[in-house]
Every structure is written in structure tokens, then in C-alpha cells.
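To start, the structure under review is shown below, and the notes come after it.
Bear in mind the structure is a predicted one, so any value in this text is a computation, not a measurement. Per chain, numbering begins at 1; letters A, B, ... match sequence-line order.
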2 protein chains.
Amino acid sequence: MASDPPPLPSVAYLGPRTSYSHQAAIECFDPTTHTFEPQTTIEDIFIAVESRAVTYGVVPFENSTNGSVVLTLDLFCDRHSLFPNILVCGEVYLDVHHCLLSTASSVADITRLYSHPQAFGQCEIYLNAYLKGVERIDVSSTSKAAQIAAGDPNSAAIASKVAADVPGLRILASDIEDSHDNTTRFFVLSATERAPAGPLGEKHKTLLSFTIDHQLPGALCDGLKVFKEYGLNLTSIVSRPSRVLKWNYIFFVEFEGHSETENARAALKELGAYCPEMRVLGSYMDKQSRKGTRYNE
Amino acid sequence: MASDPPPLPSVAYLGPRTSYSHQAAIECFDPTTHTFEPQTTIEDIFIAVESRAVTYGVVPFENSTNGSVVLTLDLFCDRHSLFPNILVCGEVYLDVHHCLLSTASSVADITRLYSHPQAFGQCEIYLNAYLKGVERIDVSSTSKAAQIAAGDPNSAAIASKVAADVPGLRILASDIEDSHDNTTRFFVLSATERAPAGPLGEKHKTLLSFTIDHQLPGALCDGLKVFKEYGLNLTSIVSRPSRVLKWNYIFFVEFEGHSETENARAALKELGAYCPEMRVLGSYMDKQSRKGTRYNE
């Protein structure tokens, strides 16, 4: 008797279906060989990955117009050590085009707007021109905003064209984002160390978090100097409050290169000796120049 | 005949009255010798100062729990050159304690929460414990949230104790912020260059913004090295998307020292030659260690 086939690997994303996160997950993982599990919050994705309830998680990290996704950064800070096994193992870039979706027939009828705070931030020029002063209600995802707007007359949602697939909703305006080059970058999370995809010589990037001793003058500069000394180009630096000491920060740095190359190992060793806390959050293929290639190919 | 006395200097803040910004403005400027002008948005404060409709503006810059105030950073980015004369001429630190205000008599009756997004971010532990899943509605200030909650049964606002001074509202819970050490830092804006308050040897800080050429490896590190070479300690570094080139950023750096000291002048000259864009946003007395002293004393 043939045994059952092994279950397909599963991917948690910020739901509901038709969200930008869902689109990123589909862009990254082949739907014929993976199952997709919508989650209510970004924290739920971290929990699902850490507990191995799913194989992968896809979380938004930054948007080219509106900057960091603070909720995701705060989860990577892991101030209560809830996610010791979470690793970044991939990245995805998704073109983001927003629409104004409503059951109303005209923008003039709209008295209430639903969307994710990041989406409001990406459409300021359009909103200031056509919907200035209209009440804005934050919801946890743009696709949920579309569902709510479908049931609330005189309201509208800012969401994707795909999210217009809710009965009653029509697209009142398309491409309302400030920058038509609007892109959101997602990270793929896993709780299992994976062998690097391809040789280390291929183009990788590495994300790490660290704290520095703010009592030392020039401490941050000295920390960053390590990367330069070992020829590792920084592609991103952001910070969040440490919430331990006031006006102290957890820094996130991304550099070009895999953490297991000789140079990166030496740099991380030097930085680690210097920082009260340091954590390598993962190395992954650089997808910025390879848009459209699937993570698992 | 005696001429009219000159008008009192005026201070714009993020209204309505009783907001944290109002409290910061009062902490900073003597109410017997200044008038106070509430504004609807942080952008309105920048506009009022730039047009010289007011003498000063007070804007929130960062919170010790929740990090940067992105709206203020984006106005300092001044991507459309609307605020060429805006200067930071002072800073204020305000202890922030949040209350849950409602017309309801019990937390169990609350189905809707109003507050400023920053305040939600500062009360996550309390909200997760007692109001998990309750709908959150962002409004432009905590004091406005209190006014709305007063007219909406089964709702509550997160705002200051001072904001409870609205008929019908009662304080259901006090000190609900995650960190009881919760502090917001405000900047004082002016459009007129002022002579430094006191000798340059006194403890000042300087804020500047700059862009770097991301094509050069180690460019950010090289930029920051200038401060170290001239013995200028960095107290803050944050960034926002440039919105000109994707994944390029405008950096904000604060260092200890006045921009007119010899060392700072040399460092800024060196950095300026190196950065495509650079702007000194102002020098001001360091108030972190001098809490409670008025800006204009």
C-alpha cells in the first residue's frame, strides 16, 4: 500500500486573501507545491514560524515611499526573547499600486476611508487633493479594509486591484500612490537553518541587529567602521528604541555578502566583541536585481 | 499718547488645548508672556512658522518607547522646498503618562478606541491585556480623541489626565503606558536665525539632514567618520526614504556641539563636500540634563 505523500510546505502571510502580503507570498512560493495560511497580525506570522506551525512566513519590511514597517522591526527586536529561532531566509520585492474602492459611485460621496496606515502614507498627494479632511480609519490590512468598505455606505478603502474582487465594490480611482515606482520589500522567515542557496560567491545580503554602548563617544561610528574595514557595503541602517535604557536604540544593519564568507565572519566577530548584544538574523539571496525569480527555485 | 505695547510672541502647537504638545509648549514658554495658537496638523505648524504667522512652533520629534515621529521627519525632509527658513532653536522633554478615558463605567463595555497612533504604540502591553482585538481608530491628537470619545458611547480614548477635563469623561485607568519612564521629545521651531543662547562652550546639540551617494561602497560610514574625526559625538541617527531614488534615504544626524564651533564648522565643511545635499537644521541647548528649565530663560 502506498503511503500518503508528505504534506506540502506551508507559508503564513498577513491576510485576508488578496492582501499585498498574499501577492508577495505567491510571487515567492509556487502555489502548486505550497499551502498558504492567512494570519491576522504580523506577530501571528512570527509565532506560527517560531512554533513551526508553518514552514515559512512572509512579512513586510519596508516600503520605498513610506519607509520601515515599524511593527516588523519591533518583532525582530525580540525584546522578550520570544522568537530565538526566527531567521530571514529570503526577500521579495512587490510593485504596489493602490486603488480607491467603494460601493459609492463618486469620490464626492465618501466620508470615511479605511486602509492600513502604510497605505495612507503612500497616497498622501492623492488624498490631500481629493479627500482632504475625510476621516481615516486604520485597519490591519488593505484587503480587510476592502471587506469593511463593501459593507459601509459612503466609505472607501485604499487597497489593491485584486482586493476589488469583493461583491459591490467598484474601482473609483487607480494608481493613487504618490510614487508610481512604489515597491514593498518583504522578508521570508523560517525557523530552520537552511544551507545557502547556491555558492557563497553568489550575491547575498545579511541582516543583523545590535546594540552599542552609548556612553562611549563615537560608538556607532566605530561599530559601522568594522563593515568598511572588511569591505562589506551597507545597504540599510535603521533603529528602534531599546525600551531598556531611554534614548538607547537597537540598530538593524544590512550588508552585501553572506554571513559565512571569511570577511563577514571576521567583521561579525570584531563587532560582536564590541556590542553588548548582537544577532545575525539571516543571509539570503539579493533579489533586488532578480525580480520575479521565485525564492525556492 | 502712549503707543500700544508690541504683540506678545506666539507659539503654534498641535491642538486642541490639553494635548501633550500644548503641555510641552507651556513647559517651554512662559504663558504670561506668550500667546498659544493650536494647529490641526504638524504640517500646519511648519506652515505657520515658515510664513511667520507665529514666532515659534513646537513639534513632537521622538518618543522614548515608540521611536521617531515619522510625520515630523518627513516635514524636515522638505522634499518640495516649502520650508527653507525653518530652524530648530530648542528642545523640550515631556513625561508622558496615558489614561484610558471613557463615558462608560467599565473597561468591559468598550468596543472602540480612539487615540493618536503614537499613543497606541506606547500602550501595547495594557491594550493587549485588557482591550485585545478592540477596534482602534486613529485621530490626529490624543486630546481630539478625548473629545470624540466623550460623544461616542462604549468608546474610550487614550489621552493625558489633563484631557479628562471634558464633560462626561471619567478616568478608567491611569499610567497605562508600557514604560513609566515614557518621554516625548519636542523641537522648538523658528524662522528667524537667533544668536546662540549663552556661549558656544555651553552644552548644545545640532541637527542636520544629508543624502549620500549610495553608489559608493561604505559611503554612509565615510560620512559618519567625519564626526568622529572632529570629536563630535552622535546622539541620534534616523533616516527616511528620499522619494527621489528608490531605496535611497535622507539621513538625520544629531551631534553634541554648536554648529558654529571651530570643530563643527570644519566637520560640516568636509561632510558638505561629500554629500549631494546637506542642511543644518539648527543648534540648540541640550535640555536632556536640564529638564524643566524654560527655553526662553
Side-chain angles (χ1 to χ4, degrees), chain A residues 40 43 62-68 70-71 73-74 93 117 120-121 124 128 133 135-140 178-179 181-183 185 214 216-229 231-249 251 253 256 288, chain B residues 40 43 62-68 70-71 73-74 93 117 120-121 124 128 133 135-140 178-179 181-183 185 214 216-229 231-249 251 253 256 288:
Chain A
T40 309
E43 187 175 12
E62 62 174 332
N63 173 269
S64 60
T65 309
N66 209 33
S68 298
V70 168
L71 277 173
L73 282 178
D74 277 339
Y93 292 84
F120 284 131
E124 286 298 349
N128 274 329
E135 185 191 6
R136 298 181 187 184
I137 299 166
D138 283 3
V139 288
S140 55
D178 294 349
S179 164
D181 205 17
N182 191 31
T183 304
R185 177 189 188 198
H214 283 264
L216 300 173
L220 175 62
C221 182
D222 285 343
L224 295 181
K225 214 169 57 184
V226 167
F227 297 101
K228 183 166 169 82
E229 281 167 5
L232 302 168
N233 192 29
L234 299 186
T235 47
S236 175
I237 173 170
V238 286
S239 63
R240 290 293 298 150
S242 75
R243 298 192 188 167
V244 178
L245 277 173
K246 206 151 74 171
W247 313 123
N248 274 240
Y249 303 89
F251 290 92
V253 156
E256 287 177 357
Q288 196 157 4
Chain B
T40 309
E43 187 175 14
E62 62 173 333
N63 174 269
S64 59
T65 309
N66 209 34
S68 298
V70 168
L71 277 174
L73 282 177
D74 278 339
Y93 291 85
F120 285 131
E124 286 298 349
N128 274 329
E135 185 191 6
R136 298 180 187 185
I137 299 165
D138 282 3
V139 287
S140 56
D178 294 349
S179 163
D181 205 18
N182 190 31
T183 304
R185 177 189 190 198
H214 284 264
L216 301 173
L220 175 62
C221 183
D222 285 342
L224 295 180
K225 213 169 59 184
V226 168
F227 297 100
K228 178 158 171 90
E229 280 166 6
L232 301 167
N233 192 29
L234 299 187
T235 47
S236 177
I237 174 170
V238 285
S239 63
R240 291 293 298 151
S242 76
R243 298 193 187 167
V244 178
L245 276 174
K246 207 151 73 169
W247 314 121
N248 274 239
Y249 303 90
F251 290 92
V253 156
E256 287 177 356
Q288 195 157 4

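Rounding to the nearest 0.5 Å gives a distance of 6.5 Å between CD of B/E43 and CG of A/N128. Taking NZ of B/K246 as the reference point, atom CD of A/Q288 lies at 8.0 Å (rounded to 0.5 Å). Atom OG of B/S236 and atom CH2 of A/W247 lie 9.0 Å apart (nearest 0.5 Å).
Interface residue A/T183: backbone and side-chain heavy atoms are both found under 4.5 Å from chain B. Heavy-atom distances place both the backbone and the side chain of A/E62 under 4.5 Å from chain B. With a 4.5 Å cut-off on non-hydrogen atoms, A/I237 touches chain B through its backbone and its side chain both. Using a 4.5 Å cut-off between heavy atoms, A/S239 touches chain B through its side chain atoms alone.
When all heavy atoms of A/G67 and B/P241 are compared, the pair lying nearest together is N-CG, 3.3 Å. The two atoms that bring A/R243 and B/T65 nearest to each other are NE-O, 2.8 Å, heavy atoms only.
Although no hydrogens or angles enter the test, the distance criterion places a donor-acceptor pair under 3.5 Å between the side chain of A/R240 and the main chain of B/N66.
Look at B/D138 and A/R136 and you find no salt bridge, because none of the NZ, NE, NH1 or NH2 atoms lies under 4.0 Å from a carboxylate O.
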